Number of protein chains: 2
Amino acid sequence: MPVTIKDIAKQARVSHSTVSRALHGSSLISDLTAERIRQTARELGYLPSAAARTLKTNHSQALGVLIRKVDDPFFGDILQGIEEVAQASGYSLFMAASQHTPEREQAILQAMVERRVEGIIICSTPVSLDQSRQLARFGVPIVYINNQAAEEYRYSIYHDDVDGSRQVTRHLIGLGHRRIGYLGNSTAGRSTLDRLSGFQQELKASGLSIPETYIHQVPGGGPDEGLSGLSHFLDLPERPTALICYNDMLAIGVLKGLKQAGIRVPQELSVTGFDNILFSAYTNPPLTTFDQPKQYIGAEAARLVLGLLKADSLGNAPCEPEIRRLRGKLLVRDTTAAPAL
Amino acid sequence: MPVTIKDIAKQARVSHSTVSRALHGSSLISDLTAERIRQTARELGYLPSAAARTLKTNHSQALGVLIRKVDDPFFGDILQGIEEVAQASGYSLFMAASQHTPEREQAILQAMVERRVEGIIICSTPVSLDQSRQLARFGVPIVYINNQAAEEYRYSIYHDDVDGSRQVTRHLIGLGHRRIGYLGNSTAGRSTLDRLSGFQQELKASGLSIPETYIHQVPGGGPDEGLSGLSHFLDLPERPTALICYNDMLAIGVLKGLKQAGIRVPQELSVTGFDNILFSAYTNPPLTTFDQPKQYIGAEAARLVLGLLKADSLGNAPCEPEIRRLRGKLLVRDTTAAPAL
DNA sequence: GATATTCATGCACACGTGTGCATCCTTCTC
DNA sequence: GAGAAGGATGCACACGTGTGCATGAATATC
């Protein structure tokens, strides 16, 4: 139904090869006919078939993006970064969400390979290693973002959570806190471990030690889990004076719980988040958090994939594994202060 | 490079046509050979080329989704709904963001047509009418979500903002408010007009009238604009006792501003939002808002497109225009109360 | 046992695009 | 003016898949 180069050829009384060349600006075609052909193409409203081109050139100009859940505000920024770079390079994005179910994930990756995407970016979702190997067999380069066990994959981009967590902890210690709690998300894999580890490293570096009960994990990373996680700390005989949350969403839940309990922030308890999602600036009081450069991480991931493709098309040997660790910065707002005496 | 049906054919010592038929479960092929072929296909790790299939069958099994900005939390939910339905029907999604620039939008839509997506869903972005007509020429069905001038398009899904706004207004009037302000987003098109209109209709129905200065529009729908919009109302000689905000993000900015100004919510001023984004439940105090069924809207849009495709493939006449208006419900939280006497 | 019928498979073309090679025409060179 | 050189264009095949039609084999019918 749509217009093809054959239609243009007929209209312009040339062969379809000439049309193809003219539209690509080949120097083989005289300027006169080339312009005439382009004109008719415009008149007929011609748009080339990506399918045919992909089939012929083995080049789909598309990337696949696999995320865990679309409505997580964290991914919004990452996607934004990916999109920006991809669009600038003329690549389209296939996007799908695994919704935490391995079968879906399997189906999505398969669909992407069938579409012959040239690269895949996998966000924070725990792809099994043999599945990852299976993908590698198709020769599709894969870049992992903030993945668990990022180091085990050839190409990953991730945020230096250890460093970030150390900075947050140092900030609190600097304010004079000695009893600091950590509220983690047990379902988060690497990132919660890294953040916990940074926390512990910084404590040790400062010669501090805390009771076991000051480390508590909840099964999730939403406000509701923050709310329930808070009660653990409130029930302790000796409460911490500061609470480090795995992410902003947990912290937001914590703030809500503290409000309900009538505990003042930061006077009675300091609270920190992590990620710097949009809303962390609008909590009450505004949340002290760690600004993970989300958009930049997405952009870097896209650049990395595109770089791999370029190297590939130049016939270069596959790049050596590249694992890039990006750093963010501490954002001190109003939920942290020196502890009460 | 990837395995093709020819490779399977060679391996199984049959023709490629037989392979094609066997993999489709055609009754023409004997069960024995069919099973043998499927087995070799599995062994070789065969995945069909979507490009070739699309070219041959004129059927891409893909939808395009055009949104304004990826990192808007509002779209997250809509996308989620679309994705769910599309995935269940075996469709993949091409997604791109226009970032408010018409050139990008043009480029994106063109890319989608080149990819021969079977349908397009356009979210809240003001596509010009002639561009929309141009798309129609390609025979790609388009569904608009919450678009400006939704009624002008053949197929749209949108939220009944007039009704929602009336419910919000009625709630405030019921609490005893007589001086109610409306803070709009002048860049939002239809939706802000509808919400304003619902506000005014409900006032009139209750025999109330308000000064002109109680209606104020700001150029944007983020927290920052809410902050600046608030100052307009605070500077009025006689302040309203309640403020209806165009959306939750504005309301969140307003709450922050009120906190800074030391004005208590809801005792001194009631505030309402609109949309019920995730974070509206975690403001302080929790925001009274209108719950727009975002995910459902996305799902309905996807169902509508798929329905159009089905009708099309059955050779039915193109469906009559369908414009579906969905309703949400008021969510009373803690930012609204009876006005001080 | 000859013919008709059913069943299983292969041949060949099509989808829309890109490209090596051959062909034809023009112009230049001596 | 004959031949060489170069410029412009068409022919034909390829990419991977799907399908109408012909072919051949096996079975059924009388």
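Reminder, nothing fancy here: chain letters follow the sequence lines and each chain counts from 1. Fair warning: this is a prediction, and the values are worked out from it, not measured in the lab.
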Fill in: Rounded interatomic separation in angstrom, taking CD1 from I8(A) and C1' from dG18(C)
14 Å
Item to complete: May I have the distance from K10(B) (atom NZ) to dG16(D) (atom P), rounded to whole angstrom?
Response: 11 Å
Discussion item. Measuring to OP1 and OP2 of dG18(C), would you say a side-chain N or O of S20(A) lies under 4.0 angstrom away?
Written reply: yes
Practice prompt. Show the numbers, then the answer: is there a side-chain hydrogen bond (donor to acceptor under 3.5 Å, both in side chains) between Q39(B) and R42(B)?
Written response: CA-CA 5 Å; Q39(B) 179 58 32; R42(B) 244 170 287 142; 3.1 Å; yes
Fill in: Aromatic ring proximity, centroids under 6.0 angstrom, F94(A) and F94(B)
yes
Item to complete: Answer yes or no: does atom OH of Y46(B) have more than 12 heavy-atom neighbours from other residues, nucleotides or ligands under 6.0 Å?
Response: yes
Worksheet item: What string of B, S and - do you get for nucleotides 8-15 of chain C, 5' to 3', if B is base contact, S is sugar-phosphate-only contact and - is no contact with any protein heavy atom under 4.0 Å?
Response: BBBBB-BB
Worksheet item: Side-chain N or O of R53(B) less than 4.0 angstrom from OP1 or OP2 on dG16(D)?
Response: no
Practice prompt. Write down the distance between CD (Q61(A)) and P (dG18(C)), rounded to a whole number of angstrom.
Written response: 12 Å
Worksheet item: Can you tell me how far P of dT17(C) sits from CG of N58(B), to the nearest Å?
Response: 12 Å
Worksheet entry | Integer-rounded Å distance: dG16(C) C1' and E114(B) CD | 13 Å
Worksheet entry | Side-chain donor or acceptor of R68(B) paired with backbone N/O of S98(B) under 3.5 Å | no
Worksheet item: Is R38(A) paired with E43(A) through a side-chain N to carboxylate O contact shorter than 4.0 Å?
Response: no
Worksheet item: In degrees rounded to 10°, what angle is found between the helical axes fit to the five outermost pairs at each end of the helix from dG1(C)-dC30(D) to dC30(C)-dG1(D)?
Response: 60°
Worksheet item: So, are E114(B) and R116(B) salt-bridged, with charged N and O less than 4.0 Å apart?
Response: no
Item to complete: Could you check I121(B) against L66(B) for side-chain contact (heavy atoms from CB on, under 4.5 Å), going step by step and ending with a plain yes or no?
Response: CA-CA 6 Å; I121(B) 296 176; L66(B) 174 60; over 6 Å; no
Response to the item:
Output for pair (M95(A) CE, M112(A) CE), nearest 0.5 Å, gives 8.0 Å
Worksheet entry | Within residues 43-51 of chain A: residues closer than 4.0 Å to DNA chain C (heavy atoms) | Y46(A), P48(A), S49(A)
Worksheet item: Looking at I78(B), L79(B), I108(B), which one forms a side-chain contact (heavy atoms from CB on, under 4.5 Å) with V65(B)?
Response: L79(B)
Item to complete: Report the distance from atom CZ of R115(A) to atom P of dG16(D), rounded to the nearest whole Å.
Response: 18 Å
Fill in: E83(A)/K69(B) salt bridge by N-O under 4.0 Å criterion
no
Discussion item. Quick one, E322(A) and R154(A) - any side-chain contact, counting heavy atoms below 4.5 Å?
Written reply: no
